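Just the heavy atoms: all of them, side chains too, but no hydrogens, waters or symmetry mates, feed the values below. All values derive from a computational prediction rather than experimental measurement.
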Amino acid sequence: DSTTRKLKTAARPEILLSDTVGFIRNLPHGLVASFRSTLDVVRDADVLLHIVDINHPARDEHIQTTNSVLEEIGAADVPHLLVFNKTDLYPDEIGKIILEKKYPGALLASAVSPESKKLLLDRITEFFKSRFFSQTIKVPYSKCDCLADLYENSIVGNVAYKEDAVYVDCTLSRANRKRLAGLL
């Protein structure tokens, strides 16, 4: 089973992280079927964090295996961030440069480093911020129960109570905009 937790950040809406099983090369189809619910989480994700042990001798093969499984389950187009972990145990500075060139956009990190944790958190937050947009939403007084939803699932700015409705300046995702349009 995958485990889902809230990411500890001030970002709104809250960011949820789901930890799924690692992918195994040549996994028997019977086991793939039993992992189907976990794989559905992957397919429905906004972004995937692909964590790879930088020290593992087969790290490139692990990356390829994961990419192959993502393609097989229809998740190849889900945006992802490749993270090489345990860089504190990897003394080869030239090797790090080569990895950065081979995998542009990859993050070299160490789970024991507060700086690495902050950098990863910043990258995740920036990913979501780049997919949000700002708009003013007109909420009829008969639908004011949607205001709590706006506060929970968007970044609320100015709120103006006018004669005909409540006007809320907010920043939200396209998915939340569609969902709210159905409520309003």
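Taking the side-chain hydrogen bond (donor to acceptor under 3.5 Å, both in side chains) definition, one finds that Arg179 meets it with Asp149, Asn176, sequence neighbours left out. Taking the salt bridge (charged side-chain N to carboxylate O under 4.0 Å, His left out) definition, one finds that Glu93 meets it with Lys96, sequence neighbours left out. Glu115 pairs by the side-chain hydrogen bond (donor to acceptor under 3.5 Å, both in side chains) definition with Ser113, not counting sequence neighbours. For Lys102, the salt bridge (charged side-chain N to carboxylate O under 4.0 Å, His left out) partners at least two apart in sequence or on another chain are Asp60.
Its side chain within the 4.5 Å cluster rule, Ile94 clusters with Ile98 among the Ile, Leu, Val, Met, Phe, Trp and Tyr residues.
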Would you please test Lys129 and Thr171 for side chain to side chain contact (heavy atoms under 4.5 Å, CB included) and show each step?
CA-CA 9 Å; Lys129 280 184 181 178; Thr171 304; over 6 Å; no

Under the criterion side chain to side chain contact (heavy atoms under 4.5 Å, CB included), I'd like the reasoning laid out for Leu48 against Leu70: C-alpha separation, chi angles, the key distance, then a yes or no.
CA-CA 10 Å; Leu48 300 174; Leu70 290 173; 3.7 Å; yes

Just do the side chain to side chain contact (heavy atoms under 4.5 Å, CB included) check on Leu120 and Leu81 with the steps written out, would you?
CA-CA 10 Å; Leu120 179 58; Leu81 172 59; 3.8 Å; yes

Candidate pair Arg123 and Phe127, rule side chain to side chain contact (heavy atoms under 4.5 Å, CB included), full reasoning
CA-CA 6 Å; Arg123 292 276 292 270; Phe127 171 85; over 6 Å; no

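By the 4.5 Å heavy-atom criterion applied to side chains, His62 and Asp53 are not counted as neighbours.
Side-chain atoms of Gln64 and Ser68 include a donor-acceptor pair closer than 3.5 Å. Residues Thr87 and Ser110 have side chains that never bring a donor and an acceptor to within less than 3.5 angstrom of each other.
Taken to the nearest 0.5 Å, the NE2 atom of His50 stands 5.5 Å off from the CD1 atom of Ile63. One finds the CG atom of Asp169 at 3.5 Å from the OG1 atom of Thr136 (value rounded to the nearest 0.5 Å). One finds the SG atom of Cys146 at 9.5 Å from the CD1 atom of Ile137 (value rounded to the nearest 0.5 Å). With values rounded to the nearest 0.5 angstrom, Leu107 atom CG is found 4.5 Å from Leu119 atom CG. Residue Ser173 holds its OG atom at 10.5 Å from NZ of Lys178, rounded to the nearest 0.5 Å. We find the CZ-CG distance between Phe133 and Leu172 to be 5.0 Å, quoted to the nearest 0.5 Å.
Within a 6.0 Å sphere centred on CG of Asp77, heavy atoms belonging to other residues, nucleotides or ligands number 12 at most. Within a 6.0 Å radius of CD in Gln135, more than 12 heavy atoms belonging to other residues, nucleotides or ligands are found.
In the hydrophobic clustering of ILVMFWY residues, with side-chain heavy atoms under 4.5 Å counting as a link, Leu147 and Val159 come out together. Hydrophobic clustering, with ILVMFWY side chains joined whenever heavy atoms are under 4.5 angstrom apart, keeps Val83 apart from Leu99. One hydrophobic cluster, built from ILVMFWY side chains closer than 4.5 Å, cannot hold both Leu108 and Leu89; they sit in different ones. Hydrophobic clustering of Ile, Leu, Val, Met, Phe, Trp and Tyr side chains at less than 4.5 Å, counting indirect connections, keeps Leu82 apart from Leu49. In this structure, Ile51 is a member of the same hydrophobic cluster as Ile124, with clusters built from ILVMFWY side-chain heavy atoms closer than 4.5 Å.
Panel note: side chain Arg43, backbone Ile73; a donor-acceptor pair is recorded below 3.5 Å.
Legend: ring-ring contact (aromatic ring centres under 6.0 Å, His included) pairs involving residues 100-124, not counting sequence neighbours, sorted by first then second residue: Phe84-Tyr103.
Aromatic ring pairs are classed by plane angle as parallel below 30°, tilted from 30° to 60° and perpendicular above 60°; the pair Tyr161 and Tyr141 is parallel.
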